[in-house]
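Bear in mind the structure is a predicted one, so any value in this text is a computation, not a measurement.
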Amino acid sequence: MELRHIRYFLVVAEEQNFTRAAIRLGISQPPLSMQIKDLEKEIGTDLFFRNSQGVSLTEAGKVFLKSVQPIQQQIENAAYLTKQVGDGETGELRIGFTGTSILNPLVSHSIRIFQRNYPKVDLKLEEANSLLLIDRLIENKLDIAIIRPPHEIPEGLDLHILLSEPLIAAVPTELDENWNDAISLDMLKDKRFILSPRENSAGLYDAIISACIAHGFSPEISALPPQIVSILALVSANLGITLIPKSSQQLHLDGVKYLNLTEPTPTINLALIHRKSMTPKSATNFSMLINKLLTEQK
């Protein structure tokens, strides 16, 4: 017995006429009659009384109808749920993000709008550094990530730059310098820099080192705390200075002041990254949403 036999039986039982049932099913009447005969032969009893006006269910047919109707509903429900997952309307989406990327308003806004537009999608959020997020994408433990991209991206991943964000200087408020709201990066060449180690924050580390080299110096690094808040706490303690994405200045710590950098202003990218293959539709939907929001902002 095949599913088509059940579907044919249900339509004939509803129409009580082979000709009307065949039209509804989009097949000719003789093959439909043959399929029903095959079903009756397999079950071992007649399911329909046949007459010149049409057909009616036998007692056995009524029992069979009552038994198979739930199966048909289960099949329809399964098809509906499967299509929803395939369309990214339900299921789950595993999103990774770095500590500084989530501070960009575009990211938090995108997550909020995605939840509103796709309420049946279960969001699994994970914070980690860029290199770890990249590894988790490769291992299929994440579907998509928002990172500050390092210089090198492994094969098998697609990277889409969303925007370039200015870097700003975070310095101690008690720093004995007569600086206004904006300074040139080369004015920091004699200062000690506080950075996360590259294995913790590859994208930000690469951006800062490249910016300093472009301004003619290699920074002296005095501490390597793992998180942005730890870095700013050490800046507050007057142990050095650092550079951060401009959106991170919303982290207000006593003893820290933020200074813009004059042109050529160094920047850091914000990017989406995902596998080239096996990307779920929910990840595609999120990518389309964040790019749409970015376009609307311009």
Legend entry - Minimal non-hydrogen separation, Asn17 against Arg20, with atom names: OD1-N, 2.9 Å
Inset, instruction - Could you tell me whether Asp158 and Arg275 make a salt bridge, using a distance below 4.0 angstrom between a side-chain N and a carboxylate O? - result: no
Inset, instruction - Of all the heavy-atom pairs spanning Gly203 and Ser130, show the shortest one and how long it is. - result: N-OG, 4.5 Å
Legend entry - Minimum-distance pair of heavy atoms, taken over all atoms of Ser33 and Phe18: OG-CD2, 3.6 Å
Legend entry - Lys141 with Glu126: basic N within carboxylate O range, under 4.0 Å: no
Legend entry - Sidechain N-carboxylate O distance under 4.0 Å for Glu14, Arg7: no
Legend entry - Partners meeting side chain to side chain donor-acceptor pair (under 3.5 Å) with Asp135 (sequence neighbours left out): none
Legend entry - Under 3.5 Å: donor-acceptor pair, side chain of Asn129, backbone of Leu131: yes
Inset, instruction - Could you tell me whether Glu263 atom CD has more than 12 heavy atoms of other residues or ligands within 6.0 Å of it? - result: no
Inset, instruction - Please work out which of the three classes, parallel, tilted or perpendicular, describes the rings of Phe286 and Phe114, given edges at 30° and 60°. - result: perpendicular
Legend entry - Side-chain ion pair, Lys62 and Glu59, N-O less than 4.0 Å: yes
Legend entry - Nearest heavy-atom neighbours spanning Cys212 and Pro219: CB-CD, 3.7 Å
Inset, instruction - Locate the shortest heavy-atom distance separating Val55 from Val12; write the atom from each residue and the value. - result: CG2-CG1, 3.8 Å
Legend entry - Where Asp46 and Ala60 come nearest, the two heavy atoms and their spacing: O-CB, 3.8 Å
